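A short worksheet on the structure shown next.
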Amino acid sequence: MQRNLDNTIWECKHKDSDYRLTDEAKADILRMIGKGCRENTKARLARRLELPLSLWERYGIYSRLILKDDGAEYICGQSWNDEMRTLRECILK
């Protein structure tokens, strides 16, 4: 089943869903947005990915992050590097 991160966060906040990111999705997200980052930033990202999605804020860019049973993928609009930086900043807020 595919779902985007933005809708999944909404469901967790408003429908009492207990959905959590799979280990594969966490690894894929960390690999995408952590590329080129320092170890302390990667560690912060990894800790953030462990939090329940009901605690996350919603951002429009999350609708491009597709969660699948076997991981995650991102649908890029314009510039991969810029969008990965924005995604990283949103996750770390």
Side-chain angles (χ1 to χ4, degrees):
M1 182 173 132
Q2 288 188 1
R3 50 178 56 198
N4 73 51
L5 182 58
D6 185 49
N7 288 342
T8 305
I9 293 170
W10 186 89
E11 288 175 7
C12 288
K13 287 179 176 282
H14 300 288
K15 291 188 176 181
D16 294 327
S17 171
D18 62 351
Y19 180 84
R20 289 192 171 260
L21 296 173
T22 64
D23 290 339
E24 294 86 0
K26 290 175 198 174
D28 285 349
I29 294 168
L30 190 57
R31 190 172 20 260
M32 281 187 282
I33 64 175
K35 184 176 181 181
C37 292
R38 295 180 180 180
E39 286 304 314
N40 63 339
T41 302
K42 288 180 185 179
R44 287 178 52 216
L45 286 167
R47 284 192 305 272
R48 185 68 167 99
L49 291 172
E50 294 296 327
L51 291 175
L53 294 178
S54 60
L55 299 177
W56 289 39
E57 292 298 320
R58 292 179 63 208
Y59 296 98
I61 196 167
Y62 288 167
S63 64
R64 293 175 174 260
L65 187 59
I66 307 301
L67 305 173
K68 303 184 301 182
D69 293 335
D70 61 347
E73 61 185 41
Y74 185 77
I75 301 170
C76 187
Q78 295 290 323
S79 169
W80 179 267
N81 293 337
D82 292 336
E83 291 186 33
M84 290 300 106
R85 181 176 52 249
T86 301
L87 192 55
R88 182 171 50 249
E89 290 168 354
C90 289
I91 290 175
L92 290 175
K93 284 185 182 180

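Everything quoted here is computed from the prediction, not taken from an experiment.
Interatomic distance, CG of Leu5 versus CZ of Arg64, reported as 14.0 Å (0.5 Å rounding). Rounded to the nearest 0.5 angstrom, Gln2 CD and Asp69 CG are separated by 9.0 Å. Here the OG-NZ distance, from Ser54 to Lys15, works out to 15.5 Å after rounding to the nearest 0.5 Å. The OG atom of Ser17 lies 11.5 Å from the CD1 atom of Ile9; values are rounded to the nearest 0.5 Å. Once rounded to the nearest 0.5 Å, the distance linking CD of Glu11 with CZ of Arg3 reads 5.5 Å.
Here the closest heavy-atom approach between residue Ala25 and residue Leu67 is recorded as CB-CD2, 4.4 Å.
Checked by atom type and distance alone, the side chain of Asp28 pairs as donor or acceptor with a backbone atom of Ala72 at under 3.5 Å.
Residue pairs meeting the side chain to side chain donor-acceptor pair (under 3.5 Å) criterion with at least one partner in residues 79-93, sequence neighbours excluded, are Tyr74-Glu83, Ser79-Asp82, Asp82-Arg85.
Other members of a hydrophobic cluster containing Trp10 are absent, since no ILVMFWY side chain comes under 4.5 Å of it, directly or through relayed contacts.
The hydrophobic cluster containing Ile66 does not contain Trp56, counting ILVMFWY residues as joined when their side-chain heavy atoms lie under 4.5 angstrom apart, directly or transitively. In the hydrophobic cluster analysis, where Ile, Leu, Val, Met, Phe, Trp and Tyr join through side-chain heavy atoms closer than 4.5 angstrom, Tyr62 is grouped together with Met32. The cluster map of Ile, Leu, Val, Met, Phe, Trp and Tyr, joined by side-chain heavy atoms under 4.5 Å apart, puts Ile61 and Met84 in the same cluster.
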Inset, instruction - Walk me through it: do Glu24 and Asp70 pass the test side chain to side chain contact (heavy atoms under 4.5 Å, CB included)? - result: CA-CA 6 Å; Glu24 294 86 0; Asp70 61 347; 5.6 Å; no
Using atom types as modelled, flag every donor-acceptor pair under 3.5 Å from a side chain in residues 34-53 to any protein atom, sequence neighbours excluded.
| residue | atom | partner | partner atom | Å |
| --- | --- | --- | --- | --- |
| Arg48 | NE | Ile91 | O | 2.9 |
| Glu50 | OE1 | Lys26 | NZ | 3.1 |
| Glu50 | OE2 | Lys26 | NZ | 3.3 |

